[in-house]
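First comes the structure, then the notes that go with it.
Note that the numbering runs from 1 along the sequence shown for the chain.
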Amino acid sequence: MTQAELPAGFEDLSTRLDWNLPTADQRQKKRQASSSAELRAFYDQMLARLPDALAEVDRFPLGELPESHHALYNLALSLAEVAPHIELYAGSPGVPYAFEEGRFVAVHGGQDTCRGLSPMSVA
């Protein structure tokens, strides 16, 4: 794997590149394997940068992001994966009072989200 890059002005997020995960399945597994403190640290740092990150990736049509912006896009999607666990589940990496997550299989979970495919497209 090559070293991921971030667009200019987002160097402060380089410490969070472990969340640069292109598929929903990878982001879910990372969230489940993280501690509450790790989720909180990622959430706090990424949430503060989200408006700038979204403005940057919105400069390009979905599915046409340049390689240089994939990591930033993936970090924003990882925040979407983590946010409910901070905002609704008191930092729990799992979903409390619900069926075991492994029982649900996302048919699109292995797609590289940067490609902008329909969730029903076969990866």
Side-chain angles (χ1 to χ4, degrees):
M1 179 177 216
T2 60
Q3 178 68 32
E5 59 181 287
L6 290 164
F10 293 93
E11 296 83 1
D12 58 310
L13 297 176
S14 64
T15 58
R16 300 295 176 192
L17 285 173
D18 56 325
W19 285 95
N20 171 24
L21 303 167
T23 72
D25 286 349
Q26 291 172 323
R27 291 186 289 273
Q28 180 186 34
K29 288 179 185 170
K30 171 78 171 160
R31 187 244 315 144
Q32 290 173 319
S34 298
S35 69
S36 294
E38 290 167 333
L39 294 178
R40 170 56 79 177
F42 174 72
Y43 175 87
D44 287 344
Q45 185 175 8
M46 193 61 206
L47 186 64
R49 299 289 287 154
L50 188 61
D52 294 335
L54 293 180
E56 182 66 22
V57 297
D58 276 350
R59 295 178 32 215
F60 306 95
L62 186 61
E64 296 180 24
L65 273 176
E67 182 76 25
S68 61
H69 286 61
H70 286 194
L72 185 61
Y73 183 72
N74 291 335
L75 290 176
L77 292 175
S78 288
L79 178 63
E81 176 71 30
V82 168
H85 296 269
I86 297 300
E87 297 171 0
L88 303 174
Y89 307 142
S92 172
V95 180
Y97 311 112
F99 288 110
E100 182 180 322
E101 290 180 70
R103 295 174 66 182
F104 298 93
V105 178
V107 294
H108 64 282
Q111 288 181 356
D112 182 345
T113 313
C114 285
R115 295 176 58 206
L117 299 174
S118 162
M120 299 311 292
S121 298
V122 177

Answer yes if L77 and V95 sit in the same cluster of Ile, Leu, Val, Met, Phe, Trp and Tyr residues linked by side chain heavy atoms under 4.5 Å apart, and no otherwise.
-> no
Could you tell me whether a side-chain N or O of E11 sits under 3.5 Å from a main-chain N or O of G9, the two making a donor and an acceptor?
-> yes
Going from CG on L75 to OG on S14, what distance comes out if it is rounded to the nearest 0.5 angstrom?
-> 10.0 Å
Inter-residue atom distance R40.CZ - L47.CG, 0.5 Å rounding = 9.5 Å
From S92 atom OG to Q32 atom CD, the distance as rounded to the nearest 0.5 Å = 10.0 Å
Which atoms form the tightest heavy-atom contact between S34 and W19, and what is the distance?
-> OG-CZ2, 3.6 Å
Would you say L17 and F42 are hydrophobically clustered, going by side-chain heavy atoms of ILVMFWY under 4.5 Å?
-> yes
Start with the C-alpha distance between F10 and D52, add both sets of side-chain angles, then the distance that settles side chain to side chain contact (heavy atoms under 4.5 Å, CB included), and finish with yes or no.
-> CA-CA 9 Å; F10 293 93; D52 294 335; 3.9 Å; yes
Apply side-chain hydrogen bond (donor to acceptor under 3.5 Å, both in side chains) to H85 and list each qualifying residue two or more places apart in sequence or on a separate chain.
-> R31
Do L50 and L6 belong to the same hydrophobic cluster, where Ile, Leu, Val, Met, Phe, Trp and Tyr are linked whenever their side-chain heavy atoms lie under 4.5 Å apart, directly or via other members?
-> yes
Spacing of L65 atom CG and N74 atom CG [to the nearest 0.5 Å] = 9.0 Å
Distance-only polar pair, side chains of T113 and R27, donor-acceptor under 3.5 Å | yes
Can Q45 and T15 be said to form a side chain to side chain contact (heavy atoms under 4.5 Å, CB included), step by step?
-> CA-CA 10 Å; Q45 185 175 8; T15 58; 3.8 Å; yes
Could you check if a side-chain atom of E101 sits within less than 4.5 angstrom of a side-chain atom of Q28, using non-hydrogen atoms only?
-> yes
List for me each residue that meets side-chain contact (heavy atoms from CB on, under 4.5 Å) alongside P66, sequence neighbours excluded, and say none if there are none.
-> F60, S68, H69
Interatomic distance, N20 atom CG to Y73 atom OH [nearest 0.5 angstrom] = 12.5 Å
State the NZ-CG distance between K29 and L21, to the nearest 0.5 angstrom.
-> 11.0 Å
Exam field: side chain E81 to backbone Q26, donor-acceptor pair closer than 3.5 Å | no
Search all heavy atoms of P93 against all heavy atoms of S36 and return the closest pair with its distance.
-> CD-OG, 4.0 Å
Any link between L72 and Y43 through a network of hydrophobic side chains (Ile, Leu, Val, Met, Phe, Trp, Tyr) touching at under 4.5 Å?
-> yes
